[in-house]
Engineer: 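Below: one structure in structure tokens.
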Amino acid sequence: MKYIISEEAFKENFNWKSTEEKSADSLRITHTQDQRFHLFPYKASGKAASPLVVDMTEVIGDFVKESLRVSSPDTSFEHVWKKIIDEVEVEAKDEDSLKKVISSLFYRDEEFIADNIGLYAFQGDSQNKSAARLAQFLRDVFDVDDNDVEAIRTAMKNYPYNALERLMTECFGTEQSVSDENDPVYFRIFGDASIKFKRDFRFMLANGMTSPEDLSNLISLYYLYYTSQTCITLDRFGSANRNDPVEIFFALDWEKVSANRKCCTGGWRKLQENVSHIFSHAVTLELLNQTEEPNEMLDYKKICDYVKDGLLDDHATASEVQKIENLYVDAVGDYKKFDQVQNEESFSETDSAIRHLFGCVLGQFQNTERKRANDFYVEKLTEFYRSRWLKNRRKSGLVFNLTESDIIFLTKISIQDKDRIRLVDLFKEYETRGIYLDNTSKALLQEFFTKLNLLDKKSDSGDAQYVKRIL
């Protein structure tokens with residue numbers, strides 16, 4: 001096995017210009033990402049060109065279609081109404097009434113809107129292309145497989161359709177076709193999220209938790225878990241562990257917090273620097289994949305593991321990383337501080353070289369007008385966090401936050417089919433899903449369950465207190 005950088009690929013994919021075409025002291029490349037290495041489904045452009053997606057209900061229809069690998073049928077009202085008239089005997093005097101009912105139940109602003117598992121797969125293509133890309137990303141990083149597809153189809157089959165919903169599925173089902181695009185596109189950096197998502201997803205499908213609210217809660221939870229842990233994993237380069245999550249602490253919506261609480265020191269404040277690096281990682285990974293063998297995506301961990309396992313020579317691989325750095329630095333002629341990037345000692349020459357390359361990419365984004373592109377890319381993720389998971393606690397700043405409805409949802413998917421669960425075990429179940437609480441929050445949550453009459457106390461010991469299943 002060989003790792004060899006292709007100068008020709010770099011020049012072509014990064015739109016390289018020679019010093020005869022542009023000044024040596026100018027930027028002579030276009031910062032490229034998401035061509036050979038697909039990290040996140042984001043664009044380094046403003047909201048007008050690349051709209052934000054903060055409400056995961058926008059993603060549900062596309063996610064189900066991407067999972068099933070099916071295309072969208074024609075869901076325009078005119079087309080659907082024609083099929084209904086062709087297939088159903090409707091008296092002339094009843095046509096207007098039926099037309100109004102179909103329109104009011106299934107259409108909003110002339111777009112077909114699905115609100116149950118039986119119809120999600122027939123929802124038209126999203127007008128927001130960012131939502132469509134995000135759905136494909138979620139399918140790939142959650143590793144949706146044939147077993148998950150079967151669970152979705154079973155839930156669709158078993159859904160208790162009313163007569164009009166059944167009519168709509170019959171109209172759409174005759175036109176829907178299988179998509180040719182079956183292979184994963186996005187690279188899965190952090191593996192633990194997919195294992196846990198699939199378990200909760202199948203439980204919800206089997207137990208009728210398939211409303212837009214429930215599915216958007218699930219997707220929001222695991223989108224947060226995957227992206228936050230991926231940002232941390234990337235900053236660990238070749239020494240990362242794909243299945244070893246870092247603790248991220250939350251506060252309860254109604255509690256008061258102080259700046260020294262773990263929800264502050266070990267929450268967003270801890271994560272935000274990692275998140276700010278993601279565009280630099282996307283560009284660095286794109287640079288590292290300008291190789292003579294472009295068919296396999298390689299992240300930091302994969303390259304370093306190949307070195308560790310003896311499949312790649314450490315010194316030779318580090319030299320190739322240095323080669324792409326030299327090509328890159330030479331083409332970014334308007335930045336004069338590359339020599340200030342520090343060398344980091346690491347467990348291998350290759351990992352040290354990768355860290356230095358990243359430092360070069362990061363430095364020029366932080367200290368030039370190109371910071372704007374970085375900010376556009378990063379806000380695709382941070383605005384979701386702010387909209388869905390963060391709360392401004394004034395002096396304590398932004399803190400990851402759990403509302404009462406979040407707690408009810410988390411408790412349902414944590415207990416699943418059991419009648420009850422020990423309180424201490426419930427906290428552990430939260431943690432497996434990336435939600436950590438300090439002792440103050442745990443005590444307040446215990447009070448919350450008591451008020452809802454969900455707590456069975458066998459004694460004052462935490463080990464002897466049980467949270468009952470929420471129906």
Side-chain angles (χ1 to χ4, degrees), residues 40-42 47 50-64 115 126 128 130-139 141-142 190 193-194 196-197 200-201 204 209-232 245-255 257 263-264 266-272 274-276 278 375-394 396-414 430-437 441 445:
F40 291 120
Y42 311 142
K47 298 175 185 178
S50 180
L52 302 178
V53 182
V54 297
D55 182 355
M56 291 300 109
T57 57
E58 288 188 59
V59 177
I60 294 171
D62 284 315
F63 176 71
V64 171
D115 64 359
S126 174
N128 184 348
S130 298
R133 288 195 301 271
L134 179 55
Q136 185 180 43
F137 166 80
L138 294 171
R139 180 201 72 185
V141 299
F142 292 157
F190 181 72
S194 64
K196 293 166 181 175
F197 171 84
D200 287 342
F201 186 42
M204 289 173 59
M209 291 180 65
T210 56
S211 68
E213 180 182 6
D214 281 333
L215 289 180
S216 65
N217 280 336
L218 181 74
I219 291 172
S220 295
L221 173 65
Y222 280 100
Y223 182 32
L224 166 68
Y225 184 44
Y226 176 82
T227 54
S228 61
Q229 296 297 331
T230 290
C231 292
I232 294 168
V246 171
E247 296 178 354
I248 302 292
F249 281 84
F250 288 64
L252 306 181
D253 190 51
W254 60 89
E255 68 174 310
V257 302
C263 58
C264 296
W268 175 240
R269 191 187 303 170
K270 173 182 180 179
L271 179 65
Q272 60 183 336
N274 303 115
V275 174
S276 72
I278 60 174
D375 293 345
F376 280 146
Y377 190 91
V378 172
E379 77 171 351
K380 304 297 189 296
L381 183 55
T382 57
E383 287 303 304
F384 163 70
Y385 289 164
R386 289 174 186 272
S387 174
R388 179 62 180 83
W389 293 107
L390 290 170
K391 182 175 181 178
N392 192 335
R393 301 292 185 139
R394 298 186 179 181
S396 298
L398 293 174
V399 176
F400 279 121
N401 187 67
L402 293 178
T403 65
E404 290 186 4
S405 60
D406 290 330
I407 291 163
I408 296 298
F409 175 76
L410 277 168
T411 303
K412 281 184 177 181
I413 62 173
S414 295
Y430 283 12
E431 290 170 4
T432 66
R433 294 163 175 85
I435 308 294
Y436 287 79
L437 301 171
S441 295
L445 189 53

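Side-chain atoms are counted along with the backbone in the values below, which use heavy atoms only and exclude waters and symmetry mates.
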Engineer: Working note: Met209 + Leu218, criterion side chain to side chain contact (heavy atoms under 4.5 Å, CB included); need CA distance, chi angles, decisive distance, verdict.
Structural biologist: CA-CA 10 Å; Met209 291 180 65; Leu218 181 74; over 6 Å; no
Engineer: Evaluate whether atom CD of Glu213 has more than 12 neighbouring non-hydrogen atoms of other residues, nucleotides or ligands under 6.0 angstrom away.
Structural biologist: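 Open: at most 12 neighbouring heavy atoms sit under 6.0 Å from CD of Glu213.
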Engineer: Would you say that Leu398 contacts Arg393 through its side chain, given a criterion of any heavy-atom pair below 4.5 Å between the two side chains?
Structural biologist: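 No; the side chains remain at least 4.5 Å from each other.
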Engineer: Are any of the side-chain heavy atoms of Ser50 and Lys380 separated by less than 4.5 Å?
Structural biologist: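 Yes - at least one pair of side-chain heavy atoms lies under 4.5 Å apart.
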Engineer: For the residue pair Met56 and Ser220, what are the closest heavy atoms and their distance?
Structural biologist: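 The pair with the smallest heavy-atom distance is CG-OG, 3.1 Å.
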Engineer: Hey, mind stepping through Tyr430 and Thr411 against side chain to side chain donor-acceptor pair (under 3.5 Å) and telling me if it holds?
Structural biologist: CA-CA 8 Å; Tyr430 283 12; Thr411 303; 2.7 Å; yes
Engineer: Looking at side-chain heavy atoms only, is the closest gap between Leu445 and Leu402 below 4.5 Å?
Structural biologist: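 The answer is no, as the side chains (C-beta and beyond) never meet within the 4.5 Å cut-off.
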Engineer: Just do the side chain to side chain contact (heavy atoms under 4.5 Å, CB included) check on Leu271 and Tyr385 with the steps written out, would you?
Structural biologist: CA-CA 11 Å; Leu271 179 65; Tyr385 289 164; 4.2 Å; yes
Engineer: Judged by atom type as modelled, is there a donor-acceptor pair below 3.5 Å linking the side chain of Thr57 to the main-chain atoms of Ser216?
Structural biologist: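 Checking the backbone N and O of Ser216 against the side chain of Thr57, no donor-acceptor pair under 3.5 Å is found.
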Engineer: Indicate the atoms forming the closest heavy-atom contact of Pro212 with Ile60, along with that distance.
Structural biologist: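 Closest pair (atom of Pro212, atom of Ile60, distance): O-CD1, 3.5 Å.
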Engineer: I would like to know whether Phe137 and Tyr226 meet ring-ring contact (aromatic ring centres under 6.0 Å, His included); could you show each step before the answer?
Structural biologist: CA-CA 11 Å; Phe137 166 80; Tyr226 176 82; 5.8 Å; yes
Engineer: Do you know which two heavy atoms are closest between Tyr377 and Tyr42, and how far apart they sit?
Structural biologist: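 Closest pair (atom of Tyr377, atom of Tyr42, distance): CE1-O, 3.4 Å.
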Engineer: Would you check, one step at a time, whether the test side chain to side chain contact (heavy atoms under 4.5 Å, CB included) holds for Leu390 with Thr382?
Structural biologist: CA-CA 10 Å; Leu390 290 170; Thr382 57; over 6 Å; no
Engineer: Taking ring-ring contact (aromatic ring centres under 6.0 Å, His included) as the criterion, tell me which of Phe250, Trp389, Tyr225 meets it with Phe400.
Structural biologist: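 Among the candidates, only Phe250 passes.
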Engineer: Look only at the side chain of Arg433 and the backbone of Ile413, and say whether a donor-acceptor pair between them is shorter than 3.5 Å.
Structural biologist: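 The answer is yes, because a donor-acceptor pair under 3.5 Å joins these two groups.
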Engineer: Please step through side chain to side chain donor-acceptor pair (under 3.5 Å) for the pair Thr403 and Asp406, ending with a clear verdict.
Structural biologist: CA-CA 5 Å; Thr403 65; Asp406 290 330; 3.1 Å; yes
Engineer: Would Asn128 and Arg133 satisfy side chain to side chain donor-acceptor pair (under 3.5 Å), going step by step from the backbone distance to the final call?
Structural biologist: CA-CA 9 Å; Asn128 184 348; Arg133 288 195 301 271; over 6 Å; no
Engineer: Dump the intermediate steps for side chain to side chain contact (heavy atoms under 4.5 Å, CB included) on Val141 and Tyr222, then the final yes or no.
Structural biologist: CA-CA 10 Å; Val141 299; Tyr222 280 100; over 6 Å; no
Engineer: Do the side chains of Leu221 and Ile435 get nearer than 4.5 Å, heavy atoms only?
Structural biologist: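 Yes, side chains in contact.
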Engineer: For the backbone of Leu224 and the side chain of Ser228, can you confirm whether one donor and one acceptor N or O come within less than 3.5 Å of each other?
Structural biologist: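 Yes: the side chain of Ser228 pairs with the backbone of Leu224.
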